[in-house]
Protein chains: 2
Amino acid sequence: MHVSEQAETGADPVPDLPGLARRATLRDVARRAGVSTAAASKVLRGAYGVSPGMRERVQEAMTALSYRPNTSARGMRGKTFTVGVVISDVQNQFYDQVLSGLTPVFGAADHKVLIAPAGTTMESELAAVEGMVDHRMDGLVLVTPLVPRAELERIAAILPVVVVARGGAAEGYDTITTDDEAGSALIVDHLVGLGHRDIAHITLGWSGDDPTLPFRARARGYEAAMRRHGLEDRIDIVTTAWSHQGGFDAAEVFLSRPGLPTAVHAGADVAALGLLSDFWARGIDVPGVVSVAGYDNSPIGMLAPISLTTVEQGAGELGMRAADLLLERMAGRTEPRSVLLAPTLVPRSTTAAPRA
Amino acid sequence: MHVSEQAETGADPVPDLPGLARRATLRDVARRAGVSTAAASKVLRGAYGVSPGMRERVQEAMTALSYRPNTSARGMRGKTFTVGVVISDVQNQFYDQVLSGLTPVFGAADHKVLIAPAGTTMESELAAVEGMVDHRMDGLVLVTPLVPRAELERIAAILPVVVVARGGAAEGYDTITTDDEAGSALIVDHLVGLGHRDIAHITLGWSGDDPTLPFRARARGYEAAMRRHGLEDRIDIVTTAWSHQGGFDAAEVFLSRPGLPTAVHAGADVAALGLLSDFWARGIDVPGVVSVAGYDNSPIGMLAPISLTTVEQGAGELGMRAADLLLERMAGRTEPRSVLLAPTLVPRSTTAAPRA
DNA sequence: AGCGATTCGTAGAACGTTATACGCCGGGAC
DNA sequence: GTCCCGGCGTATAACGTTCTACGAATCGCT
């Protein structure tokens with residue numbers, strides 16, 4: 001393989017790394033257009049003090065050299081025109097939907113989106129966030145962050161931050177989420193309305209006890225609704241992972257007991273799906289023997305063979321509005337905003353009146 | 001809100017942006033440790049020429065100031081210790097699995113992973129790739145890129161590139177993929193073995209005709225296998241999107257015809273799931289009336305209510321080995337490598353002998 | 001004691017942008 | 001003809017690293 005020689009005008013420096021091509025810089029552009037780099041920079045930024053003639057010559061040079069600004073260099077002084085999204089679990093389709101809501105908004109505002117996988121522990125999540133700060137992102141969207149709020153405030157003091165799907169008003173950043181307490185209450189009301197009384201709840205096993213975390217809010221909503229219906233003695237919360245495997249594990253817990261509840265409300269669709277699969281495989285009729293409800297309205301749950309009763313959070317809208325909030329913040333707003341959307345019940349075929 | 005004053009030793013500069021905290025720089029660290037920035041840099045990089053005493057003082061200063069290197073600044077001269085992953089469709093679980101294979105390997109090698117959403121068009125994909133180059137990534141993993149190979153070679157001349165799930169030996173970059181022709185042949189053999197003859201195939205509707213694209217290879221594998229079994233007159237290829245909706249659309253196509261095929265092999269599980277859901281909703285028995293097979297072995301397909309026959313590509317291994325290849329390349333290897341893994345059939349409950 | 005070799009530390013020039021501060025030029029008002 | 005002013009272009013200093021030189025000790029050997 002041979003390095004492609006760029007037969008341009010004048011001295012052309014040998015590429016530094018062997019076999020690796022060099023990209024055109026603003027200086028190259030300026031040289032070709034016969035202007036100063038400062039002038040080229042002005043054209044690039046659309047800044048004041050540029051004659052039409054110069055603009056045209058510079059732009060011509062840019063396209064001719066297929067110039068692209070070096071984001072690292074930009075990050076040294078000004079903005080990178082890039083926002084970071086930190087997502088804990090790419091497997092969970094909820095996050096994908098938030099993402100689909102986010103990206104077009106940022107795209108329209110000429111900002112790139114870069115995603116950092118946060119892993120499953122608080123340490124790895126924090127490392128991902130710090131990594132984005134290291135990269136000089138212009139702003140950050142954190143989807144269901146697990147780190148303590150003090151950490152969030154610290155990060156938010158460095159750059160604009162919007163937190164999605166984790167509630168609670170904050171001082172230095174914006175939050176947008178759906179009302180998870182209300183969401184789980186919708187499910188409980190729905191199940192009670194069908195005649196259920198033995199309603200169990202599956203929540204995420206996680207050491208942190210921050211009340212703003214969504215699974216905590218859902219558990220709270222479940223408990224409150226049970227109490228409201230006079231079912232406080234039937235409250236039954238099983239903790240597990242939020243994954244298919246977590247659903248299997250929860251099923252094992254239920255099956256290891258004397259009797260099954262008549263309905264199970266999982267705090268996430270993924271867990272509900274695992275549960276459902278386990279019941280199905282064992283020939284336990286859903287919803288005949290036990291009703292199952294999830295939370296998130298993930299696309300898989302819509303499929304006819306599954307048809308899972310769940311709660312719609314409006315993940316797409318969450319993403320869209322989060323992007324709007326971040327853009328506002330990057331434009332200079334500093335007063336915190338905190339948006340709460342209303343969830344809606346999506347009744348499908350995995351819930352029905354109890355047999356008895 | 002008040003900016004937190006960092007009550008450190010000596011002159012502490014006012015943060016440039018109002019309300020935004022300033023991070024410690026290498027100079028701050030050096031000053032505090034009483035050494036030159038060059039020395040601090042040596043310690044940071046683990047370079048030669050550092051006494052144990054100095055190393056200790058500098059490291060102490062780093063932790064005290066909770067110093068983090070500025071990646072943008074690093075990108076200006078050396079490496080960013082970050083690799084970029086470009087993924088076309090985050091909704092497709094196959095990509096998530098590749099990702100899960102990738103990240104631990106890079107993590108172990110002290111490299112951050114950043115993901116760029118490539119969108120659905122070739123233009124948006126190219127923009128995402130260029131964006132990663134702008135950010136001075138040390139290397140790139142492209143998962144099922146759609147851009148022409150000439151573009152890939154151009155990018156690969158700038159930085160190390162590994163292409164995942166798109167075959168064909170290349171000159172300037174590595175490729176790793178499973179043998180998609182063989183994979184689809186496995187499905188056809190399986191279906192023929194069950195007694196099917198009217199086997200249709202669903203492929204991705206995409207204008208590019210590069211033969212290395214996976215859906216092209218699968219279609220080729222299907223055709224070749226059909227011919228091998230003397231079924232060339234039964235070859236029936238429907239093009240659609242690779243999504244649930246695409247599956248619905250394909251179902252409509254089949255239902256609008258005089259008779260259904262006895263088996264359908266979709267080139268991707270997502271499409272198979274959409275198809276399945278449509279059939280199910282219309283009361284068309286699967287596999288009684290029609291057998292359905294997918295491709296990818298995505299987690300959803302494993303769930304008991306679905307239990308989809310499919311092909312395992314080993315997405316996790318694909319990701320792991322792609323990471324290894326990229327690390328090798330970043331370490332200096334320039335001869336291209338191209339790895340082909342063998343797929344395996346995963347027979348489940350959506351395929352059975354035809355009724356007739 | 002003399003002298004090269006080794007070890008440890010520092011100076012300073014990049015890297016590619018941005019943005020401030022300035023200079024030059026032409027033209028209108030006096 | 002001055003003077004000023006707005007429009008347009010340039011010079012240059014950052015930004016926070018990396019890394020090549022190079023200088024100053026110290027050490028080992030004769």
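By convention in this document, chain letters (A, B, ...) are assigned in the order of the sequence lines, proteins followed by strands, and residues within each chain are numbered from 1.
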For this session: Taking atom CD of E56(B) as the centre, report whether more than 12 heavy atoms of other residues, nucleotides or ligands fall under 6.0 Å from it.
Result: no
For this session: Classify the side chain of R77(B) and the base of dT18(D) as holding, or not holding, a donor-acceptor pair under 3.5 Å.
Result: yes
Exercise. Just how far, in rounded Å, is P of dT17(C) from NZ of K42(A)?
Worked result: 17 Å
Problem set entry | Rounded distance in Å - CG (L26(B)) to P (dT10(C)) | 12 Å
For this session: Test D174(A) against every option in R166(A), R321(A), R333(A) by the salt bridge (Lys or Arg N to Asp or Glu O under 4.0 Å) rule and name the one that passes.
Result: R333(A)
Problem set entry | Among dT10(C), dG16(C), dT18(D), the one nearest R74(B) by side-chain distance | dT18(D)
For this session: Whole angstrom is fine here: how far is it from OH in Y48(A) over to C1' in dT18(C)?
Result: 19 Å
Exercise. Among dG16(C), dT17(D), dA19(C), which is the nearest nucleotide to the side chain of R45(A)?
Worked result: dA19(C)
Exercise. What do the steps show when you test V83(A) against L140(A) for side-chain contact (heavy atoms from CB on, under 4.5 Å), and what is the final call?
Worked result: CA-CA 6 Å; V83(A) 301; L140(A) 244 44; over 6 Å; no
For this session: Starting at atom CG of L65(A), determine the distance to atom P of dG16(C), rounded to an integer number of angstrom.
Result: 14 Å
For this session: Under 4.0 Å between any heavy atoms, over every strand shown, what does S41(B) touch: base, sugar-phosphate, or nothing? Just pick one.
Result: base
Exercise. Taking only N and O in the side chain of S51(B), is any of them less than 4.0 Å away from OP1 or OP2 of dG9(C)?
Worked result: yes
For this session: Grab the CE-P distance between M62(A) and dG16(C) for me, whole Å please.
Result: 15 Å
For this session: Could you state the atom-to-atom distance from NZ of K79(A) to C1' of dG16(C) in whole Å?
Result: 18 Å
Exercise. Want to settle it: does R136(B) or S36(B) sit nearer the 5' end of DNA chain C, counting the closest nucleotide to each?
Worked result: S36(B)
Problem set entry | Value in whole Å for how far the P atom of dA13(D) lies from CE of M76(A) | 16 Å
Problem set entry | Single hit among V50(A), V35(A), L26(A) for side chain to side chain contact (heavy atoms under 4.5 Å, CB included) with V43(A) | V50(A)
Exercise. In whole angstrom, what separates N70(A)'s CG from dT17(D)'s P?
Worked result: 16 Å
Exercise. So, is R27(A) near the phosphate of dT17(C), with a side-chain N or O under 4.0 Å from OP1 or OP2?
Worked result: no
For this session: For residues P145(A) and M122(A), determine if any side-chain heavy atom of one lies less than 4.5 Å from a side-chain heavy atom of the other.
Result: no
Seminar exercise, completed: The nucleotide from dG9(C), dT17(C), dG12(C) with an atom nearest the side chain of A38(B) is dG12(C)
Problem set entry | Most 5' of T37(B) and G49(A) on DNA chain D, judged by nearest nucleotide | G49(A)
